[in-house]
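Below: one structure, written as structure tokens.
Reminder, nothing fancy here: chain letters follow the sequence lines and each chain counts from 1.
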2 protein chains.
Amino acid sequence: MKIGELAKLTGCSVQSIRFYEKEELISAPRRSECNYRLYDQKNLEQLIFIKHCRNLDITLAEIKQLLNLKQSPETQCEDVNYLIDEHIKQINLRMTGLKKLKGSLTDLRSKCRDNQTVKNCGILQDLLTKPTGQ
Amino acid sequence: MKIGELAKLTGCSVQSIRFYEKEELISAPRRSECNYRLYDQKNLEQLIFIKHCRNLDITLAEIKQLLNLKQSPETQCEDVNYLIDEHIKQINLRMTGLKKLKGSLTDLRSKCRDNQTVKNCGILQDLLTKPTGQ
DNA sequence: TTAAACTCTATAGTCACTATAGAGTCAATC
DNA sequence: GATTGACTCTATAGTGACTATAGAGTTTAA
């Protein structure tokens, strides 16, 4: 199949498929006479794997690690588990940060009622003078 | 004061102060004989404002808007309120997304016990075959 | 035959910085 | 007076994971 069909099947954009190839996450496929990329079932599976990982916000560098690991089916998979555990930790950190941020913004928002002039806007005044708790 | 002192006082890096100048978020300060940037109290206040905004994840483009608004003290400040409200909405969206993501990752993680081989790793198998819920 | 839809490569842009190179300046110490 | 270390300057490239664009060639359908 050509790149457009692969894109549709996987939900990746055509550009990002070419980008993954350049970054060596997927192997360069064979080409047609006029130099079009031609993909087979195996290419499709590989890209689906990558897409699933990206849906989970796993970075391209980490996906490369996982792909390498898959090359050695007899080794222990503790690195895989570790990688996922670390991601869950990162998400927890990010959520804590966002909660704080939301608190600060909500607090800030409460400093101004509607129908004020800029001069009297409590939000702008707060931003000038007060640290924001971060 | 020179740029290093301003950096210390505001918690910005020297490079990002120069970057803000290039992006026209702060006005170009006067220079010493040997071309060093020299800042005064007003510059300090301006940068503190920017720093507070950045702590709240307000983008540079939005900070520019706010700075423009501050130039017109008699106009209504509804745009300020709207901007903050939108940010709170964005954070809510992001938190919802992260919660889902965490669910998916936790689910995925449960597919593998420790001390498996890569070949039998339930995580890698899931990543190959199953969509991840996003 | 002509138009739309697809493909190709190469390059620049996104965001908010960070890092680096190579050069000049200043203050303190030997 | 010389040297060292800390500071400053400009200009450029890199980050991550793409997206967008230009300019060219190819395929398919009407």
Side-chain angles (χ1 to χ4, degrees), chain A residues 1-26 28-39 43 46-47 49-67 83 86-87 90-91 94 97 101 132 134, chain B residues 1-26 28-39 43 46-47 49-67 83 86-87 90-91 94 97 101 132 134:
Chain A
M1 76 192 89
K2 284 185 291 184
I3 198 167
E5 199 184 339
L6 185 66
K8 245 179 225 155
L9 287 176
T10 57
C12 300
S13 74
V14 167
Q15 292 106 307
S16 55
I17 295 174
R18 290 196 277 243
F19 175 75
Y20 292 156
E21 183 183 327
K22 202 173 50 141
E23 298 293 307
E24 299 184 305
L25 274 100
I26 52 180
R30 64 199 178 86
R31 298 284 183 130
S32 75
E33 277 175 28
C34 70
N35 204 32
Y36 284 10
R37 289 170 177 84
L38 294 178
Y39 297 95
N43 297 136
Q46 217 173 357
L47 191 52
F49 179 87
I50 293 170
K51 181 67 179 170
H52 288 169
C53 289
R54 289 299 299 137
N55 282 347
L56 296 167
D57 257 2
I58 295 171
T59 66
L60 297 192
E62 289 168 333
I63 293 173
K64 263 193 187 176
Q65 281 179 45
L66 291 178
L67 290 171
L83 198 153
E86 283 303 301
H87 264 271
Q90 286 306 312
I91 290 178
R94 185 78 184 116
L101 201 54
T132 51
Q134 244 203 11
Chain B
M1 75 192 88
K2 285 186 289 183
I3 197 166
E5 198 183 340
L6 185 66
K8 243 179 226 154
L9 287 176
T10 56
C12 299
S13 74
V14 167
Q15 293 107 306
S16 54
I17 295 174
R18 291 197 277 243
F19 174 73
Y20 292 155
E21 183 183 326
K22 201 172 53 135
E23 298 293 305
E24 301 185 303
L25 273 100
I26 52 181
R30 63 199 178 86
R31 299 283 184 130
S32 75
E33 277 177 27
C34 71
N35 204 32
Y36 285 9
R37 289 170 178 83
L38 293 178
Y39 296 95
N43 297 135
Q46 217 172 357
L47 191 52
F49 179 86
I50 293 171
K51 180 68 177 171
H52 287 168
C53 289
R54 289 299 299 139
N55 283 346
L56 295 168
D57 256 4
I58 295 170
T59 66
L60 299 191
E62 289 167 334
I63 294 172
K64 261 192 189 177
Q65 282 179 46
L66 291 178
L67 291 171
L83 198 153
E86 283 303 302
H87 263 271
Q90 286 305 313
I91 289 178
R94 185 81 184 115
L101 201 53
T132 51
Q134 244 204 10

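- Applying the 4.0 Å criterion to OP1 and OP2 of C:dC17, one finds that B:S13 has every side-chain N and O outside that range.
- Projected onto DNA chain D by closest heavy-atom contact, B:K22 and A:Y36 fall at different nucleotides, the more 5' of which corresponds to B:K22.
- For A:Q15, taking side-chain heavy atoms from C-beta onward, the closest of the listed nucleotides D:dC9, C:dA16, D:dA20 is D:dA20.
- Going from atom CD1 of A:I17 over to atom C1' of C:dC8 covers 14 Å, rounded to whole Å.
- Nearest heavy atom pair, residue A:K2 against residue A:L38, reads CG-CD2, 3.9 Å.
- Between B:K51 and B:N55 the shortest side-chain heavy-atom distance falls below 4.5 Å.
- Within 4.0 Å of A:S32, counting heavy atoms only, lies no atom of the nucleic acid at all.
- With distances taken from any side-chain atom of B:F19 to the nucleotides C:dA16, D:dG25, D:dT19, the minimum falls on C:dA16.
- Contact check for A:I17 versus A:V14: no side-chain heavy atoms found under the 4.5 Å cut-off.
- Nearest nucleotide to the B:V14 side chain, out of C:dT7, D:dT8, C:dT9: D:dT8.
- Rounded to whole Å, atom C1' of C:dT7 lies 14 Å from atom CD of A:E5.
- Summarising the geometry, the separation between CG on A:D57 and C1' on D:dC18 is reported as 13 Å, rounded to the nearest angstrom.
- Protein atom CE of B:M1 is 19 Å distant from nucleotide atom P of C:dC26, rounded to whole Å.
- Rounded to whole Å, the distance from NZ on A:K64 to C1' on D:dG16 is 13 Å.
- A side-chain donor-acceptor contact under 3.5 Å links A:K64 to the backbone of A:E23.
- Listed here is the closest heavy atom pair of B:L25 and B:Q46: O-NE2, 3.9 Å.
- The A:R18 side chain lies nearest to C:dT7 when the options are D:dT8, C:dC17, C:dT7.
- With distances taken from any side-chain atom of A:S16 to the nucleotides C:dC8, D:dT19, D:dT27, the minimum falls on D:dT19.
- Regarding A:E21, its CD atom lies at a distance of 12 Å from the C1' atom of C:dT9, rounded to whole Å.
- A:Y20 places a side-chain heavy atom less than 4.5 Å from the side chain of A:R54.
- When distances run from any side-chain atom of B:C34 to the nucleotides C:dA16, D:dC18, C:dC26, the shortest one goes to C:dC26.
- Atom pair A:K51:NZ and D:dA17:P shows a separation of 13 Å (rounding to whole Å applied).
- Taking every side-chain heavy atom of A:R31 into account, C:dT9 is the closest of D:dC9, D:dG25, C:dT9.
- The shortest distance between the side-chain N/O atoms of B:R37 and the OP1/OP2 oxygens of D:dC9 is below 4.0 Å.
- Between A:Y39 atom OH and C:dC6 atom C1' the separation is 14 Å, expressed in whole Å.
- Nearest nucleotide to the side chain of A:L60, out of D:dA17, D:dC9, C:dC8: D:dA17.
- Between B:Y20 and C:dA16, a side-chain N or O to OP1/OP2 separation shorter than 4.0 Å is absent.
- Residue whose closest nucleotide on DNA chain C sits further toward the 5' end, between B:T59 and B:K2: B:T59.
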